[in-house]
Participant: 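I am attaching a structure below and will ask some questions about it afterwards.
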Amino acid sequence: KMYQEYGGVPAAGVVTVIAPVGGRLCMIIANDATVKAGAFFPMTCKKIIRAQTIAQMARLPLLYLVDSAGVFLPLQEDVFPDTDDFGRIFRNNAVLSAQGVPQLAAIMGNCVAGGGYLPVLCDTLLMTKGSGLYLAGPALVKAAIGQEVENEELGGASMHAEISGTIDFEEPDDEACIKRLRSLVHADLSTPTLGEPPFEPVAPKRKPQDVYSIFKSEPNEQYDVRDVLECIVDDESFDEYKVNYGASMVCGYTRIAGRPCGVVANQRKLTNRKMPGGAAGPSTSVNMPAVIYTESADKAARFIMDCNQKRIPIVFMHDTTGFMVGRDSEQAGISRSGAKLVNAMSNCVVPKISLITGASYGAGNYAMCGRAFDPLLSMAWPGARCAVMGASQAAHTLLQIDLAARERRGEEIDHQMREELLASITASYTEQQDIRYGAARGWIDRLIEPHHTRDELSFALAVAVGCDTSRPFHTGVLQT
């Protein structure tokens, strides 16, 4: 529903995909000229910058298929100036090139104004006949300096190949251009080809389709996240870490399609918790489902640190309502333990892959490597929910704020108006916590079908192979 006042902008007018080209995984960024002539909206910039960031982290060659009219002028104030706007793309072009990440651009249409900078800042530039590359089109040139000039003379492929020397390869049509682009990827040895997993893949214990009978999406329902993992990880590869401690989080070393990784997952069922006792011995309490407790935060933090020692990627599986609150939890040091978990996760040198299966609320989203914490890739199931808190709690909180404001203005609120306000606020908040709302705004890289989770995570781990994990692992000052 974004940009409806401008007729909508499907996929923000740009397609981004990781795919094998010439035996190498590449990040492909393609303008869709059928959407507003490939013009850049705010989300177009955000989407391209995110694709560049993933490519930078995993050292993926970048292939740009360029056909853009430049900035969408009615929204120039939201597209042009800031660190997550249009100019950042060009800054990234320069930095990526300096870091040795290959960038190849194929101009297969008109590239005008700012849209022309991107391809010229790449390492290799291809252009098809009939395309245009210029900072100002013929109409603007005439208006600015009174000069009348034709498209080809101003910025055609032949002119740039023969006179300006701007392009490296002139191609007759799109098909020839794509063929040349593939050949140039073959000729580049600066990045490795896609390799086989280090271990022989083993089928999971359960069929991937079984996830639909195991997983429960309703807040009042429970399931064992270990059963979900049995649909994803290689059979007999899961070594659970501290299985009897901090049971509201499940951590373990495993393999997915032969690729080793660590898993940190929220447990969505009641679990037992043993606490220190006196002469009578330890006492027992019950952990609520999907809640992060002090012991589980401590366990997950130490597990994350150990994964960094072992240099294995970490998969975070979200289904959490957040950290436990209340007197007992505060006295046990939940804020201290939560800070320890966030600190360890934030400072990872190994790739982090985030998967939201159910709920991902508040600080629980942060602790489980939400978008703000540099996941290499973030994915979600279509029914997932992501917000600062659940819709019911948020709606009642917002209602109380609204009612207090109305009372200060001297308005009288009857029961019917109260119910109408609550229904309106609940509907609005429910829409915003829908993961599709977040995906449209770039909070999620990819929505996936649950029964494809194993394949998606296996591919994500293959992408993660290119990440540099050589720098030392350090955390900040930890509250202990």
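What you see is a predicted model; the values in this text were computed from it and never measured. When a residue number appears, it is its place in the shown sequence, counting from 1.
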Participant: Please report the closest heavy-atom contact between Ala257 and Ser458, naming both atoms and the distance.
Facilitator: CB-OG, 3.3 Å

Participant: Could you tell me whether Arg302 and Asp298 have a side-chain N and a carboxylate O separated by less than 4.0 Å?
Facilitator: no

Participant: Test Gln56 against Val95 for side-chain contact (heavy atoms from CB on, under 4.5 Å), laying out the working first.
Facilitator: CA-CA 9 Å; Gln56 184 178 33; Val95 170; 3.9 Å; yes

Participant: Might you point out which heavy atoms bring Val250 and Gln267 nearest each other, and give the distance in Å?
Facilitator: CG2-NE2, 3.8 Å

Participant: To the nearest 0.5 Å, what is the distance between CD on Gln209 and NZ on Lys207?
Facilitator: 7.5 Å

Participant: Determine whether more than 12 heavy atoms belonging to other residues, nucleotides or ligands lie under 6.0 Å from atom NZ of Lys310.
Facilitator: yes

Participant: Does a salt bridge link Lys205 with Glu236, judged by any charged N lying under 4.0 Å from a carboxylate O?
Facilitator: no

Participant: Between Cys26 and Val21, which heavy-atom pair has the shortest distance, and what is it?
Facilitator: SG-CB, 3.9 Å

Participant: Please work out whether the ring planes of His451 and Tyr212 are parallel, tilted or perpendicular, with thresholds of 30° and 60°.
Facilitator: tilted

Participant: Taking the side chain as every heavy atom from C-beta outward, state whether Thr191 and Leu60 have any atom pair closer than 4.5 Å.
Facilitator: no

Participant: Looking at Asp374 and Lys352, is there a salt bridge between them, counting it only when a charged N and a carboxylate O are closer than 4.0 Å?
Facilitator: no

Participant: Report yes if the side chains of Asp239 and Thr254 come closer than 4.5 Å at any heavy-atom pair, otherwise no.
Facilitator: no

Participant: Answer yes or no: is there a side-chain heavy-atom contact under 4.5 Å between Cys251 and Lys299?
Facilitator: yes

Participant: Pairing donors with acceptors under 3.5 angstrom, does anything connect the side chains of Thr357 and His318?
Facilitator: no

Participant: Begin with the C-alpha distance, continue with both residues' side-chain angles, and end with the deciding distance and a verdict on side chain to side chain donor-acceptor pair (under 3.5 Å) for Trp381 and Thr453.
Facilitator: CA-CA 9 Å; Trp381 290 357; Thr453 300; 2.9 Å; yes

Participant: Less than 6.0 angstrom from the centroid, inside 45 degrees of the normal: does Arg268 satisfy that with respect to the ring of Tyr223?
Facilitator: no

Participant: Compute both the distance and the angle, then confirm whether Arg471 meets the cation-pi test with Phe473: under 6.0 Å from the six-membered ring centre, within 45 degrees of the axis.
Facilitator: no

Participant: With salt bridge (charged side-chain N to carboxylate O under 4.0 Å, His left out) as the test, would you mind laying out the steps for Glu240 and Arg226 before giving the verdict?
Facilitator: CA-CA 10 Å; Glu240 187 169 352; Arg226 296 182 187 88; 2.8 Å; yes

Participant: I'd like to know whether Phe90 forms a side-chain contact (heavy atoms from CB on, under 4.5 Å) with Leu118, so could you lay out the CA-CA distance, the side-chain angles of the two residues, the decisive distance to 0.1 Å, and finally the verdict.
Facilitator: CA-CA 6 Å; Phe90 312 139; Leu118 185 152; 3.9 Å; yes

Participant: Return yes when atom CZ of Arg441 has more than 12 non-hydrogen atoms of other residues, nucleotides or ligands closer than 6.0 Å, and no otherwise.
Facilitator: yes

Participant: Are any of the side-chain heavy atoms of Met368 and Met249 separated by less than 4.5 Å?
Facilitator: yes

Participant: Evaluate salt bridge (charged side-chain N to carboxylate O under 4.0 Å, His left out) for Arg50 paired with Asp445, printing each intermediate quantity in order.
Facilitator: CA-CA 9 Å; Arg50 174 59 181 160; Asp445 296 318; 2.8 Å; yes

Participant: Looking only at the aromatic ring of each residue, does the gap between the centers of Phe238 and Tyr253 stay below 6.0 angstrom?
Facilitator: no

Participant: Can you find a pair of side-chain heavy atoms, one from Pro10 and one from Val35, that are under 4.5 Å apart?
Facilitator: yes

Participant: Is the distance between the ring centroids of Phe41 and Phe72 under 6.0 Å?
Facilitator: yes

Participant: Any side-chain donor paired with an acceptor under 3.5 Å for Asn287 and Ser248?
Facilitator: no

Participant: If the threshold is 4.0 Å, N to carboxylate O, is there a salt bridge linking Asp84 and Arg88?
Facilitator: no

Participant: Heavy atoms only: give me the nearest Ala344-Ile304 pair and the separation to one decimal.
Facilitator: O-CG2, 3.8 Å

Participant: Between Thr284 and Met275, is there a side-chain heavy-atom distance shorter than 4.5 Å?
Facilitator: no

Participant: Would one find more than 12 heavy atoms of other residues, nucleotides or ligands at under 6.0 Å from atom CD of Gln4?
Facilitator: yes

Participant: Do other residues, nucleotides or ligands put more than 12 heavy atoms under 6.0 Å from the CD atom of Gln400?
Facilitator: yes

Participant: To the nearest 0.5 angstrom, please state how far the CD atom of Glu431 sits from the CZ atom of Arg436.
Facilitator: 9.5 Å

Participant: From Asp402 CG over to Ser424 OG, what is the distance, rounded to the nearest 0.5 angstrom?
Facilitator: 9.0 Å

Participant: To the nearest 0.5 Å, what is the distance between CZ (Arg91) and CD (Gln52)?
Facilitator: 9.5 Å

Participant: Checking Tyr117 against Asn93 for the side-chain contact (heavy atoms from CB on, under 4.5 Å) test, could you report, in this order, the C-alpha distance in whole Å, the side-chain angles of both residues, the deciding distance, and whether it holds?
Facilitator: CA-CA 10 Å; Tyr117 285 111; Asn93 288 137; over 6 Å; no

Participant: Nearest heavy-atom pair of Ser68 and Gly38: which atoms, and what distance?
Facilitator: OG-O, 2.9 Å

Participant: Is atom CZ of Phe459 surrounded by more than 12 heavy atoms (other residues, nucleotides or ligands) closer than 6.0 Å?
Facilitator: yes

Participant: For a side chain to side chain donor-acceptor pair (under 3.5 Å) check, start with the C-alpha distance between Thr193 and Arg24, then their side-chain angles and the critical distance, and finish with the verdict.
Facilitator: CA-CA 4 Å; Thr193 55; Arg24 292 174 175 81; over 6 Å; no

Participant: Measure the shortest side-chain to side-chain distance between Val264 and Val315 over non-hydrogen atoms and say whether it is less than 4.5 angstrom.
Facilitator: no

Participant: Output, in order, the C-alpha distance, side-chain angles, deciding distance and verdict of ring pair (Phe, Tyr, Trp, His ring centres under 6.0 Å) for Phe80 and Phe86.
Facilitator: CA-CA 5 Å; Phe80 171 64; Phe86 202 36; 8.2 Å; no

Participant: Can you find a pair of side-chain heavy atoms, one from Val79 and one from Asp85, that are under 4.5 Å apart?
Facilitator: no

Participant: Run the salt-bridge test on Glu411 and Arg409 with the 4.0 Å N-O cut-off and return the result as yes or no.
Facilitator: yes

Participant: Is it true that Tyr64 and Gln103 share a donor-acceptor pair across their side chains at a distance under 3.5 Å?
Facilitator: yes

Participant: Measure up the Phe373 and Tyr366 rings against each other and bin them: parallel (under 30°), tilted (30 to 60°), perpendicular (over 60°).
Facilitator: tilted

Participant: State plainly whether the residues Arg385 and Asp434 are in salt-bridge range, i.e. N to O under 4.0 Å.
Facilitator: no

Participant: Run Asp227 and Arg206 through salt bridge (charged side-chain N to carboxylate O under 4.0 Å, His left out) and show every step you take.
Facilitator: CA-CA 8 Å; Asp227 294 336; Arg206 294 174 181 253; 3.6 Å; yes

Participant: Is it true that Asp234 and Arg454 make a salt bridge, defined as a side-chain N closer than 4.0 Å to a carboxylate O?
Facilitator: yes

Participant: Checking Phe316 against Ile356 for the side-chain contact (heavy atoms from CB on, under 4.5 Å) test, could you report, in this order, the C-alpha distance in whole Å, the side-chain angles of both residues, the deciding distance, and whether it holds?
Facilitator: CA-CA 8 Å; Phe316 293 85; Ile356 304 177; over 6 Å; no

Participant: Please name the pair of heavy atoms, one in Asn266 and one in Asp319, separated by the smallest distance, quoted to 0.1 Å.
Facilitator: OD1-N, 3.0 Å

